[in-house]
Amino acid sequence: MITAAREAVDLLIQATGSWQFDDALNGLRDREWMALRFLARANRFSRTPSALAQFVGTTRPTASQTVKRLEDKGYLRRRSSDQDKRSVILDVTQLGEKTLLSDPITQLVHAIATLELGANKFRDLLREMLKQLDARGGRHHADTCRKCIFLTEADPNRASRIQTQYMCRFFRANLADSEIDLLCFNFEQ
Ligand code: SF4
């Protein structure tokens, strides 16, 4: 069992070449791709410089430099949060979305999608593995609303400006269908 686990780690390390590389690939360095990719997948509560730093595994100043480079290229736009005007939200622009079509990690996504095991099972195994790593290392990973303890059905009688079936009890906010599969750093399993 340990031998198979060790071999799996050896293989996993080699897969990191899909998202870690020295030179720029398709116009961006690996940290810039990671940032753009995360911000395109994060929900409105996690599209912040601090959540980005956490996801990329870097300091806030380093993440801010990456954001600045992506803003200069026209891939990101910053705005004030609707809830707290002092907080910054980072939105991916149309140009950023277009650039993501040439994301080098797409090859890995396709490789997972065609696994005999099935992408759903592979995702669930990774989720379980991360849960164990979080518990052992005192860390916290981002995940989607569907598995979060704070997700609840929205009150159908409650007036809402957005079409919604769900509500987040953590943020006390309605969630549109389109937000349920986005990444959130306040996720709790
Ligand atoms: S339900 Fe959980 S994952 Fe979704 S927005 Fe709320 S805290 Fe984040």
Side-chain angles (χ1 to χ4, degrees), residues 19 31-60 62-64 66-67 70-71 75-94 96-97 100 103 105-106 108-109 112-113 118-189:
W19 63 87
R31 285 271 165 105
E32 293 165 347
W33 276 118
M34 271 190 241
L36 193 58
R37 193 181 296 136
F38 170 71
L39 292 169
R41 290 275 305 130
N43 70 9
R44 60 191 142 122
F45 309 111
S46 289
R47 285 201 301 276
T48 63
S50 56
L52 172 63
Q54 209 176 333
F55 186 82
V56 177
T58 187
T59 61
R60 178 85 186 263
T62 304
S64 294
T66 305
V67 166
L70 292 172
E71 278 183 294
Y75 299 159
L76 291 183
R77 189 183 306 117
R78 69 175 66 211
R79 63 179 168 86
S80 300
S81 159
D82 295 338
Q83 282 78 33
D84 177 0
K85 294 294 173 203
R86 292 162 304 173
S87 301
V88 168
I89 304 289
L90 301 164
D91 292 329
V92 176
T93 62
Q94 274 190 351
E97 295 284 0
L100 278 164
D103 186 349
I105 214 165
T106 307
L108 179 61
V109 173
I112 292 171
N120 286 351
K121 281 199 178 135
F122 186 68
R123 176 205 57 203
D124 294 343
L125 288 173
L126 288 178
R127 185 172 273 144
E128 185 56 34
M129 190 184 76
L130 272 176
K131 189 177 159 189
Q132 283 194 38
L133 288 174
D134 284 354
R136 289 174 194 195
R139 301 187 316 194
H140 190 79
H141 76 273
D143 212 328
T144 62
C145 295
R146 285 189 195 281
K147 294 280 178 185
C148 180
I149 56 169
F150 297 119
L151 185 71
T152 184
E153 295 280 323
D155 179 352
N157 298 319
R158 194 172 162 149
S160 166
R161 281 185 291 126
I162 56 172
Q163 187 68 31
T164 181
Q165 284 183 292
Y166 303 101
M167 198 181 157
C168 168
R169 285 183 288 116
F170 184 87
F171 289 108
R172 296 173 189 271
N174 288 327
L175 298 172
D177 277 0
S178 57
E179 295 182 287
I180 298 300
D181 292 312
L182 298 179
L183 289 172
C184 178
F185 258 110
N186 296 85
F187 162 87
E188 284 288 345
Q189 197 160 9

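Atoms within a ligand are numbered from 1 in the order they appear, just like the ligands themselves. Excluded from the calculations below are hydrogen atoms, water molecules and symmetry mates; all remaining heavy atoms, backbone and side chain alike, are included.
In this structure, the side chain to side chain contact (heavy atoms under 4.5 Å, CB included) partners of D103, at least two apart in sequence or on a different chain, are W33, R37, L100, I105, T106.
For ligand 1 and N43, the ligand atoms under 4.0 Å from any heavy atom of the residue are 5 (S).
Looking at D134 and H140, their side chains never bring a donor and an acceptor atom within 3.5 Å of each other.
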Do any side-chain atoms of residues 180-187 form donor-acceptor pairs under 3.5 angstrom with protein atoms, and if so which ones, sequence neighbours left out?
from	atom 1	to	atom 2	distance (Å)
D181	OD1	R146	NE	2.7
D181	OD2	R146	NH2	3.2

Taking distance alone, no hydrogens or angles, what donor-acceptor pairs closer than 3.5 Å link side-chain atoms of residues 120-127 to residues at least two apart or in another chain?
from	atom 1	to	atom 2	distance (Å)
R127	NE	D143	OD2	2.8
R127	NH2	D143	OD1	2.9

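The number of heavy-atom neighbours closer than 6.0 Å to CZ of R77, taken from other residues, nucleotides and ligands shown, is 12 or below.
Listing protein N, O or S atoms at distances below 2.8 Å from atom 2 (Fe) of ligand 1, with waters left out, gives C148 SG.
In terms of modelled atom types and a separation under 3.5 Å, the side chain of T66 and the main chain of T62 share a donor-acceptor contact.
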